[in-house]
Amino acid sequence: MHNVKRAHSPEVSRRGFLTGFILWVSAAIGAIITVPALGFFVSPANKISTAEKWIDVGKLADVKIKSPTAVTFNIKIKDGWVTSETAQTVFIVREDEKKYIVLSNQCTHLSCKVAWHPDKNEYICPCHNGIYDMEGGNISGPPPRPLDRYKTKLDNGHVFILVKE
Amino acid sequence: MEEKQNWLQWIAERIGWEAIDKAMLTRKVPKVNWAFTLGSTTMFVAIIQFITGIFLTMYYSPSPDHAYDSINYIMNDVTLGWLIRGLHHWGASIMVILVFLHMWRVFYYGAYKYPRELTWILGTFLLLTVLALGFTGYLLPFNQKSYFATQVGSSMAGVVPVIGPYLKRVLLGGNAIGALTLARFYSWHIWFLPALLVILMVAHIYLVFRIGISAPPVFAEEDEEA
Ligand code: HEM
Ligand code: FES
């Protein structure tokens with residue numbers, strides 16, 4: 001009796017089976033589209049170049065002591081299907097005859113460009129009033145750390161810095 | 001399992017799922033054959049075209065200086081770019097083939113007759129929209145083949161009596177294929193025509209649900225058997 005009953009009312013009905021089957025097949029088709037599409041979507045984020053390059057930023061002798069000097073140069077960047085040049089600015093700072101550093105002009109708070117104000121002897125960020133001293137150390141405002149320094153080398157009186165391409 | 005059911009039921013109750021289910025999924029249909037799935041297949045490919053097309057706009061650049069290079073970038077540098085573009089590329093041709101097969105099925109079974117004339121008329125506009133999508137999409141890679149296909153297609157518009165030359169200028173956005181042509185073909189291809197396609201598809205399929213699908217015609221001897 002028990003067996004007969006089971007045979008006539010299976011736990012999974014024909015309709016239930018087909019509904020489930022169609023849902024699973026649909027989900028599989030959805031995944032076949034979604035997974036490649038996600039890879040496609042995030043693709044450029046996974047292709048960041050780590051190449052570095054030494055760039056000549058001028059003669060050290062041209063920079064006055066204790067007077068940070070902004071130097072602008074162009075670097076080539078590959079931007080998708082476009083190769084373009086973008087300008088980048090750094091500060092060469094001579095502390096004395098021998099010692100010098102090269103600072104990035106990019107604020108360590110949220111990446112605005114800082115400017116050197118000779119009258120105040122400070123770099124000031126226009127965005128949220130971040131203030132740095134001549135060597136890039138923090139004076140006040142929101143920036144969490146000093147201005148970044150480039151790796152440098154001196155060759156034939158010229159300053160070279162290592163920049164990311 | 002128990003909880004999930006309740007959660008689904010909660011939504012089902014609020015959106016009136018029962019009525020949707022009755023009207024669309026568990027509605028009664030006559031005994032038909034595989035040829036009656038061609039419309040749904042076309043709709044499925046249309047959805048694939050929408051998805052892959054939307055993704056392609058993330059890298060494609062509709063300017064004469066960049067169109068070709070941006071397509072190369074998709075094919076060679078973007079993760080699975082060849083696949084997404086390949087689906088869209090082949091899907092376009094498959095869609096045209098499917099629309100014709102579907103139309104022939106409807107014609108063969110006489111399913112265009114009363115009360116389904118409007119379904120057929122909307123269908124003819126769907127056919128034209130699909131062809132227009134194919135034509136405008138063909139220019140976008142901006143290679144030799146695209147260029148001359150557009151040259152040929154727009155020259156055909158140019159020989160329409162009286163308004164032909166003007167029609168051609170409207171189509172191209174000027175006298176020759178250039179930046180304006182590419183920009184407007186892109187605009188048609190990604191905005192005007194897909195919007196039109198969605199509106200027509202919704203209306204077309206609404207009528208299919210409303211009127212119900214036609215049963216295959218019954219022949220004399222089968223009739224006696226029944
Ligand atoms: C994007 C293009 C189209 C889509 C997505 C589409 C979709 C559909 C779907 C899902 C059905 C339900 C029955 C079936 O699948 O056979 C249908 C029926 C129908 N279609 Fe289309 N269709 C398209 C183009 C056309 C064209 C070009 C025509 C004719 C000029 C047409 C005429 C009809 C007619 C008359 C019916 C009713 C058939 C019946 O009740 O048996 N459709 N369509
Ligand atoms: S970005 Fe420089 S202070 Fe906020």
Side-chain angles (χ1 to χ4, degrees), chain A residues 2 5-53 55 74-88 111 163-165, chain B residues 1 4-5 8 12 17 21-22 24-29 37 40-41 43-91 140-143:
Chain A
H2 183 70
K5 207 175 165 206
R6 272 188 69 115
H8 285 278
S9 56
E11 271 158 46
V12 180
S13 66
R14 179 187 164 88
R15 168 173 293 241
F17 171 78
L18 286 172
T19 306
F21 182 72
I22 289 167
L23 284 178
W24 278 109
V25 170
S26 304
I29 293 172
I32 289 170
I33 289 290
T34 315
V35 172
L38 281 179
F40 187 89
F41 182 74
V42 302
S43 173
N46 300 337
K47 286 192 164 58
I48 292 306
S49 138
T50 49
E52 291 180 318
K53 194 171 154 187
I55 294 219
N74 284 333
I75 51 168
K76 265 213 176 92
I77 52 166
K78 202 174 164 293
D79 176 13
W81 52 89
V82 180
T83 308
S84 58
E85 301 226 316
T86 54
Q88 199 169 317
S111 308
V163 295
K164 287 198 187 101
E165 276 189 288
Chain B
M1 191 66 201
K4 217 173 183 181
Q5 284 248 323
L8 281 173
W17 174 252
D21 182 58
K22 252 207 198 121
M24 293 170 70
L25 298 181
T26 51
R27 71 188 202 281
K28 294 241 184 321
V29 291
T37 61
S40 307
T41 314
M43 189 172 64
F44 175 76
V45 177
I47 292 168
I48 301 282
Q49 293 302 92
F50 282 121
I51 296 171
T52 51
I54 287 169
F55 274 95
L56 286 173
T57 64
M58 190 165 268
Y59 295 101
Y60 175 74
S61 170
S63 107
D65 289 346
H66 297 302
Y68 185 79
D69 291 335
S70 65
I71 298 266
N72 270 349
Y73 182 77
I74 292 170
M75 294 304 279
N76 301 321
D77 292 323
V78 177
T79 309
L80 295 171
W82 59 271
L83 181 63
I84 301 289
R85 174 163 183 245
L87 283 170
H88 199 77
H89 176 98
W90 292 104
L140 303 184
F142 222 59
N143 54 28

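Quick note on labels: first sequence line is chain A, next is B, and so on, each numbered from 1.
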Please look at Ile71(B) and chain A and tell me whether the side chain, the backbone, both or neither of the residue comes under 4.5 angstrom of a heavy atom of that chain.
neither
Among Leu80(B), Asp69(B), Leu56(B), find the residue that satisfies the side chain to side chain contact (heavy atoms under 4.5 Å, CB included) test when tested with Ile74(B).
Leu56(B)
What part of Phe44(B) is in contact with chain A, defined as an atom under 4.5 angstrom from a non-hydrogen atom: side chain, backbone, both or neither?
side chain
Heavy-atom count around Phe41(A) CZ within 6.0 Å, excluding the residue itself: above 12?
no
Atom NZ of Lys53(A) with >12 non-hydrogen neighbours under 6.0 angstrom:
no
Whether the side chain of Ser70(B) engages the backbone of Ser61(B) through a donor-acceptor N/O pair (distance < 3.5 Å, no angle test) should be reported.
yes
With only heavy atoms counted, which part of Leu87(B) is less than 4.5 Å from chain A, the side chain, the backbone, both or neither?
side chain
